[in-house]
Amino acid sequence: MITTLVHPRQLEPLTWQQELADAITGTAELAAALDLDPAALAHAGAGKQTFPLRVPRSFVARMRRGDANDPLLRQVLPVAAELIDSREYVDDPVGELAALRAPGLLHKYRGRALLITTPTCAVHCRYCFRREFPYAEQIGDAPRWSEALAAIAADESLEEIILSGGDPLSLSNARLESLTGALAAIPHVRRIRVHTRQPVVLPSRVDEGLVRWLRAIALPVVLVLHINHPNELDADLAAACARLRATGITLLNQSVLLAGINDDVEVLSQLSHRLFEAAVLPYYLHALDPVRGASHFAVPDDRAQLLAGQLAARLPGYLVPRLVREVAGAPAKVVLGATF
Ligand SMILES: *Cc1c(COP(=O)(O)O)cnc(C)c1O
Ligand code: SF4
């Protein structure tokens, strides 16, 4: 009898669900994938265990081999510095629990409400401002949106609904379709916005079904990607952006300003150039939200403003992201501005 050693299906590219299931969750495995001495990552694993290491292999493939300080690696590697407790770094740094209008529905700003659609992300970013968000308590493991949808329908001031999470694109295309179908049926909802990092860490997520979903939404769609460093924007991600653009949606990007990762005018201007080449415009450069465990990523405001000035001095205005901070209780994101 002949044994087939390679099943033909294994030669096909993995689906995004298979890639997700195959994500790296152990530091030894990560060190091996990056040709790093496991001792170089020995400080890893010391980070908060309730927010474990998780990173898809396609993102790891964009990290430099043998470099424990790689800017992509540092975004995902748990380190002992996360355990430093500081009074200003808290569980709910931007006052989200006070802004909840229904399970998962945050209403802070006029005309816009944000729906936490799922607790799940393909990647665990160490600086995540929702790393301590009580998802289980607020929305449960398999969120239902009926109460949030009823609250949106009851408030005619809401013209834009922002799908957030977790990462909304970790939901299946079918669930996304049913959600946006329900939103589009509410007469005063005029725009849908999606905030996601999933196409960045998993470009295969932009599959035919996702493209079909976006094309079928009866309202204008704005999709805000979350890319922090130019090395994240490789050919696969650029191709995913092209597929997204072809659906006719507006593509924007937001970044978080992170010490030792992108707090450098050269890195930020390269990022803006690459975004433009992928038909994505920079939107926000966020000052770090002071969430517990992320203090080692903070960039002081005066340095951030100087960087914003240097960036403005070398790029056209449309390639300069607005430097902002989220301030609990403020009527909009607060612009920090640039100094020259
Ligand atoms: C950031 C945010 C928004 C969107 O603000 P924009 O300035 O329109 O990008 C909306 N709702 C909440 C709760 C937010 O945190
Ligand atoms: S993808 Fe976004 S929500 Fe998820 S861990 Fe990263 S920053 Fe947080």
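Ligands are counted one by one from 1 in listed order, and the atoms in each one are counted from 1 as well.
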Using the ring of each side chain (for Trp, its six-membered ring), is Tyr127 parallel, tilted or perpendicular to His226, with breaks at 30° and 60°?
tilted
Going hydrophobic residue to hydrophobic residue with side-chain gaps under 4.5 angstrom, can you get from [X] over to [Y]?
X: Leu163; Y: Leu105; result: yes
X: Leu319; Y: Leu323; result: yes
X: Leu281; Y: Tyr284; result: yes

Which residue supplies the protein heavy atom nearest to [atom], what is that atom called, and how far is it?
atom: atom 2 (Fe) of ligand 2; value: His226 ND1, 4.3 Å
atom: atom 7 (O) of ligand 1; value: Tyr284 OH, 2.6 Å
atom: atom 12 (C) of ligand 1; value: Leu114 CD1, 3.8 Å

Side-chain ([X]) to main-chain ([Y]) donor-acceptor, under 3.5 angstrom:
X: Arg112; Y: Arg110; value: yes
X: Arg131; Y: Arg126; value: yes
X: Gln138; Y: Tyr135; value: no

Where on Ile162 is there a heavy atom closer than 4.0 Å to ligand 1, on the side chain, on the backbone, on both, or on neither?
side chain
Contact region, His107 to ligand 1, non-hydrogen atoms below 4.0 Å, reads neither
Which residues and atoms, protein N, O or S only, are under 2.8 Å from atom 4 (Fe) of ligand 2?
Cys121 SG
Could you list which atoms of ligand 1 come closer than 4.0 Å to a heavy atom of Glu326?
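With Glu326 as reference, the close atoms of ligand 1 come out as 1 (C), 15 (O).
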Report, in ascending order of atom number, the atoms of ligand 1 lying under 4.0 Å from any heavy atom of Tyr283.
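Taking each heavy atom of Tyr283 in turn, ligand 1 has 6 (P), 7 (O), 8 (O), 9 (O) under 4.0 Å.
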Test side chain to side chain donor-acceptor pair (under 3.5 Å) applied to Arg205 and Asn173, Thr15, Thr196, the passing residue
Asn173
With a cut-off of under 6.0 Å to the ring centre and 45° to the axis, is Arg175 in cation-pi contact with Trp145?
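Output yes; distance and angle both within limits.
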Got Glu96 and Arg130 here, is their nearest side-chain heavy-atom distance under 4.5 Å?
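In contact.
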Proximity winner for atom 13 (C) of ligand 1, if only heavy atoms of Arg193, Lys333, Glu160, Lys108 are counted
Lys108
